[in-house]
Amino acid sequence: MSRGAVQETVPLSWSRSDARRFLARYHLSPGSLDQIIARLGSIQYDPLRPVGRNPDLVLQSRVPGYRVDSWEAAAYGDRLMIDAWDKQACLVPPGDWRHRWVYHDHFRERWRERVLEPYADQVEATLAQLAEGGPLTSLDFENQERVESWQGSWYGAKLVKVILRALWDSGEVITHHRVKGRHAYALPGQVIPDEVLRERSDEDEALQFLIRRRHQSMGLLRVNAQKALWSVPASPARRRDLLAQLVAAQELVPVDIEGELYHLRREELEVMDWPEPETRLRFIAPLDPLVWDRNAVARIFDFNYVWEVYKPAAQRQWGYYVLPVFYGDRFVARADLRSNGDVLHVLGWWWENGHPAAPPEELGLALARFRDYLGVSEMAVSEDLPQRTRQQLLDAARLG
């Protein structure tokens, strides 16, 4: 396939094979930690950590030699990323702050009647204590009262915790660092550079930035992707209008992939000229931007992936925290893994189509790399696995 010239809004025509090749190069060509952060622009955060947290898993599949929890030093030490609302809770570059006021305004309105106005005195006291003594976690504040009618709600019944969440969503406070996963909050000026704080894009510019950023994170984005994947504070009609403007300005390029319309950023066209990434088995994060659009993954890769972590155990087909496994330009397996002490436990392993799609040596190297990433030296394979699969894993581990 040739990149060719793009004439106005005439889509490029790609096969599913073209799309697989593009996505494998874009997402899995290796780079340094700062290069991958810059390439993706947004990495989804999730607190669960059976084998590291989601940012760890995103980065270990792309950054050679990455070690678990290294993202925290990049975010809270080097300030390469800040916690922000993007596609759900994410880590994004701090320079994005000038555009993210549209999220802040949107959430401020949602919190106004429930928290910001009825508890205005407590909100003011929270900000004052933070200005005087921050950064602080919710446990560090003087006021620890509860609102019992909130018991059982998503953020719980503790007033200061809900106030801090409302202020975080509204851009009045920011995550300075985390203490055992818990946000330590500060005022934005303690984290965001002054020159960024002083700037503020206009509304159309901010929304177009967020649309471009979502394409950057995913590589390819379907026009008809579900609302949660777009996740911008604009009506569907306005989003479509802004998308059309970006296409007309040739900042986004339409791509027809066997009858379905996607877009990518113009600068990503050069990805098709990148060298093929090394063919190696990789464990992919459950909330990796490569698999954000489950429907697109099914269409392009013929791989139906469902993250079953929030399903009742009896309804799970695969397991609690199953990772997709990628090799070449295909998803070839699913792995249910846990790290405990100095041991990587393989609780489940399912090859697509029931047979190995990677040589034993490569499987062994992948398991060895994953143990190194976690900092563990041992591996245990569940005796509940089919005997043939269990033996494949044990034999591969010895080769790795």
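No hydrogens, no waters, no symmetry mates; every other heavy atom, side chains included, goes into these values. Counting from 1, the numbers follow the sequence of the chain as shown.
In summary, the side chains of Trp292 and Gln44 do present a donor paired with an acceptor at a separation below 3.5 Å, with no hydrogens or angles considered. Side-chain atoms of Gln216 and Arg213 include a donor-acceptor pair closer than 3.5 Å. No hydrogens or angles considered: a donor-acceptor pair under 3.5 Å links the side chains of Asp395 and Gln391. A donor-acceptor contact closer than 3.5 angstrom links the side chains of Gln151 and Arg146.
At distances below 3.5 Å, at least one donor-acceptor pair connects side-chain atoms of Arg98 with backbone N or O atoms of Gly95. Side-chain N or O atoms of Arg62 include none that pairs as donor or acceptor with a backbone N or O of Ile37 at under 3.5 Å. Under a 3.5 Å cut-off, the side chain of Glu308 and the backbone N or O of Gln317 do form a donor-acceptor pair. Not a single donor-acceptor pair under 3.5 Å links the side chain of Ser170 to the backbone N or O of Glu172. One N or O on the side chain of Arg16 and one on the backbone of Arg299 form a donor-acceptor pair closer than 3.5 Å. The main-chain N or O of Asn295 is found under 3.5 Å from a side-chain atom of Asp293 such that the two form a donor-acceptor pair. Under the 3.5 Å distance criterion, the side-chain polar atoms of Arg282 are matched with a main-chain donor or acceptor of Leu28. The backbone N or O of Met272 sits nowhere less than 3.5 Å from a side-chain atom of Arg21 that would complete a donor-acceptor pair. In this structure, the side chain of Gln144 engages the main chain of Ser138 through a donor-acceptor pair within 3.5 Å. A donor-acceptor pair under 3.5 Å is absent between the side-chain atoms of Asp336 and the main chain of Gly319, judged by distance alone.
Note on Val162: it does not cluster hydrophobically with Ile174, by side-chain heavy-atom contacts below 4.5 Å among ILVMFWY residues.
Cation-pi geometry between Arg334 and Phe303 is met: the NZ or CZ atom falls under 6.0 Å from the ring centre, inside 45° of the normal. Seen from the ring of Tyr45, Arg178 counts as a face-on cation partner, given the 6.0 Å and 45° thresholds.
For the atom pair Asp288 CG and Met218 CE, the distance stands at 10.5 Å (nearest 0.5 Å). Residue Trp14 holds its CH2 atom at 12.5 Å from CD of Glu258, rounded to the nearest 0.5 Å.
Under 4.0 Å is where a charged nitrogen must lie from a carboxylate oxygen, and between Arg369 and Glu362 at least one such pair does. Ion pairing between Arg265 and Glu251 fails under the 4.0 Å rule for side-chain N and carboxylate O. Salt-bridge check for Asp384 with Arg390: failed, with every basic side-chain N at 4.0 Å or more from each acidic carboxylate O.
For Trp150 and Tyr119, the ring centers are positioned less than 6.0 Å apart. Side-chain rings of His106 and Trp101 stay apart, their centers remaining 6.0 Å or farther from each other. Here Trp97 and Tyr103 keep their ring centres 6.0 angstrom or further from each other.
Every residue was checked against the ring-ring contact (aromatic ring centres under 6.0 Å, His included) condition with Tyr66, not counting sequence neighbours, and none meets it. For Arg200, the salt bridge (charged side-chain N to carboxylate O under 4.0 Å, His left out) partners at least two apart in sequence or on another chain are Asp105. Residues passing the side-chain contact (heavy atoms from CB on, under 4.5 Å) test with Ala73, sequence neighbours excluded: none.
Side-chain contact between His27 and Pro277 is absent, with no heavy-atom pair separated by less than 4.5 Å.
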